[in-house]
2 protein chains.
Amino acid sequence: MKKKSSTAKWSETETQAWIGLVKAQQHLLDKVEEELKKAGFPQLNWYDVLWELESAKDGSLRLNDIGKKVILDKHNVTRLVQRLESEGLVSRSQCPVDGRGIFACITDKGKKLRRQMWKVYEKVVRENFLCKYNKKELNEFRNFIERIQASGLSDSV
Amino acid sequence: MKKKSSTAKWSETETQAWIGLVKAQQHLLDKVEEELKKAGFPQLNWYDVLWELESAKDGSLRLNDIGKKVILDKHNVTRLVQRLESEGLVSRSQCPVDGRGIFACITDKGKKLRRQMWKVYEKVVRENFLCKYNKKELNEFRNFIERIQASGLSDSV
DNA sequence: CCATACTAGTTGCATATGCAACTATATAGG
DNA sequence: CCTATATAGTTGCATATGCAACTAGTATGG
């Protein structure tokens with residue numbers, strides 16, 4: 001019955017820091033989505049998967065691992081990869097050592113698309129986020145952020 | 001044909017600052033969703049709408065304005081508010097001055113639910129985000145963030 | 001070697017979302 | 001006052017997502 005975890009516990013500053021962070025990022029990502037669509041490209045989560053694949057060894061990952069890197073449940077990974085495959089952006093193959101495992105491997109077409117999408121993505125982030133800060137600040141920023149990740153939160157990355 | 005907006009343009013620091021920000025927040029929000037579900041509460045976007053309503057004058061907003069505050073297209077606002085209404089969390093009423101307008105007004109039940117959800121929400125954010133920083137840092141952080149909002153991005157807030 | 005428990009991935013169903021077409025009101029121009 | 005155009009909100013349809021049940025392969029323990 002102690003007055004714990006009640007709304008009053010947070011000062012304005014704290015609350016604002018969090019809400020500001022969420023809103024700012026939502027707006028930014030929203031804008032990225034908008035620009036991608038405008039340019040005729042697919043959604044951000046396609047980009048995320050392609051990016052994870054491209055930066056992985058051999059350009060391939062097991063579906064399960066994709067799900068961990070990107071924030072998606074297995075079900076959605078299965079279907080997202082199906083869609084990517086039907087567009088020729090990735091290819092699927094059995095895992096030789098684990099009969100259950102399926103690898104998704106990014107194709108040249110997939111790499112090309114990712115690169116094109118990145119141009120759009122990068123532009124939005126640069127013009128609305130990066131350009132507001134100098135190197136030193138971005139460094140500080142990154143350090144800030146890393147402290148969050150340092151806790152058990154990032155089971156991946 | 002100049003080598004502009006190519007991937008190479010960003011240094012590691014810059015890229016990492018952005019990617020870290022996105023991932024950290026995704027993980028955090030994901031965890032909030034998880035905890036809300038575990039506690040038997042509805043999704044975060046219900047919370048967001050309830051929160052906007054409760055902090056608005058008279059606890060009510062026009063659907064259109066909700067859509068601007070929360071990041072949702074009109075279509076979804078209509079239907080989200082319908083769902084909220086069917087749960088008795090908000091009530092709808094015609095706008096007296098604009099025949100097209102519909103107000104959504106948070107009910108006592110809605111306020112109560114929001115408060116309960118906030119406890120869960122707050123806990124996750126406090127334990128995974130706020131507790132990593134001191135007041136001064138949070139202040140800096142907020143200032144950082146505000147620079148993003150300062151640009152045309154926040155048509156609302 | 002067989003039974004049990006676990007994990008990877010898939011599929012079906014209910015629900016949520018995005019998009020486009022539609023209704024009704026409001027605003028602007030002749 | 002009447003037409004043209006824009007805006008608020010709704011609805012229908014296609015698609016995407018979450019959840020639970022299912023299949024197939026793996027690991028453990030007798």
Worksheet item: Side chains of A:Arg147 and B:Tyr133: donor-acceptor distance under 3.5 Å anywhere?
Response: no
Worksheet item: Nearest nucleotide by nearest heavy atom, which residue falls closer to the 5' end of DNA chain C, A:Gly101 or B:His75?
Response: A:Gly101
Fill in: Presence of B:Asn76 side-chain N/O under 4.0 Å of C:dT17 phosphate oxygens OP1/OP2
no
Worksheet item: Between the two ends of the helix from C:dC1-D:dG30 to C:dG30-D:dC1, what is the bend in degrees, rounded to 10 degrees, where each end axis spans five pairs?
Response: 20°
Discussion item. Let me confirm one number: the NZ-CD1 distance from B:Lys132 to A:Ile148, rounded to the nearest 0.5 Å.
Written reply: 8.5 Å
Item to complete: Would you indicate, yes or no, if D:dG18 has its OP1 or OP2 atom less than 4.0 angstrom from a side-chain nitrogen or oxygen of B:Lys37?
Response: no
Worksheet entry | Residues B:Asn76 and B:Arg79: side-chain donor-acceptor under 3.5 angstrom | no
Worksheet entry | Basic-acidic side-chain contact under 4.0 Å: A:Glu33, A:Lys37 | no
Worksheet entry | Neighbours of DNA chain D within residues 42-61 of chain A, by heavy-atom distance under 4.0 Å | A:Asn45
Worksheet item: When you match B:Val97 and B:Leu72 each to their closest nucleotide on DNA chain C, which lands nearer the 5' end?
Response: B:Leu72
Worksheet entry | Short side-chain N/O contact to D:dC19 OP1/OP2 from A:Lys74, under 4.0 Å | no
Discussion item. Looking at the base of C:dT7, is there any donor atom on it, or on the side chain of A:Arg100, that sits under 3.5 Å from an acceptor on the other one?
Written reply: yes
Response to the item:
Rounded to the nearest 0.5 angstrom, the CD1-CG distance for A:Ile71 and B:Asp30 is 5.0 Å
Practice prompt. Check the angle between the aromatic planes of B:Phe129 and B:Phe141 and answer parallel, tilted or perpendicular using the 30° and 60° thresholds.
Written response: perpendicular
Worksheet entry | Residues from residues 78-85 of chain A lying under 4.0 Å of DNA chain C - heavy atoms | A:Thr78, A:Arg79, A:Gln82
Discussion item. Does B:Asp98 form a side chain to side chain contact (heavy atoms under 4.5 Å, CB included) with B:Arg62? I'd like the steps, not just the answer.
Written reply: CA-CA 10 Å; B:Asp98 185 338; B:Arg62 285 185 57 172; 3.5 Å; yes
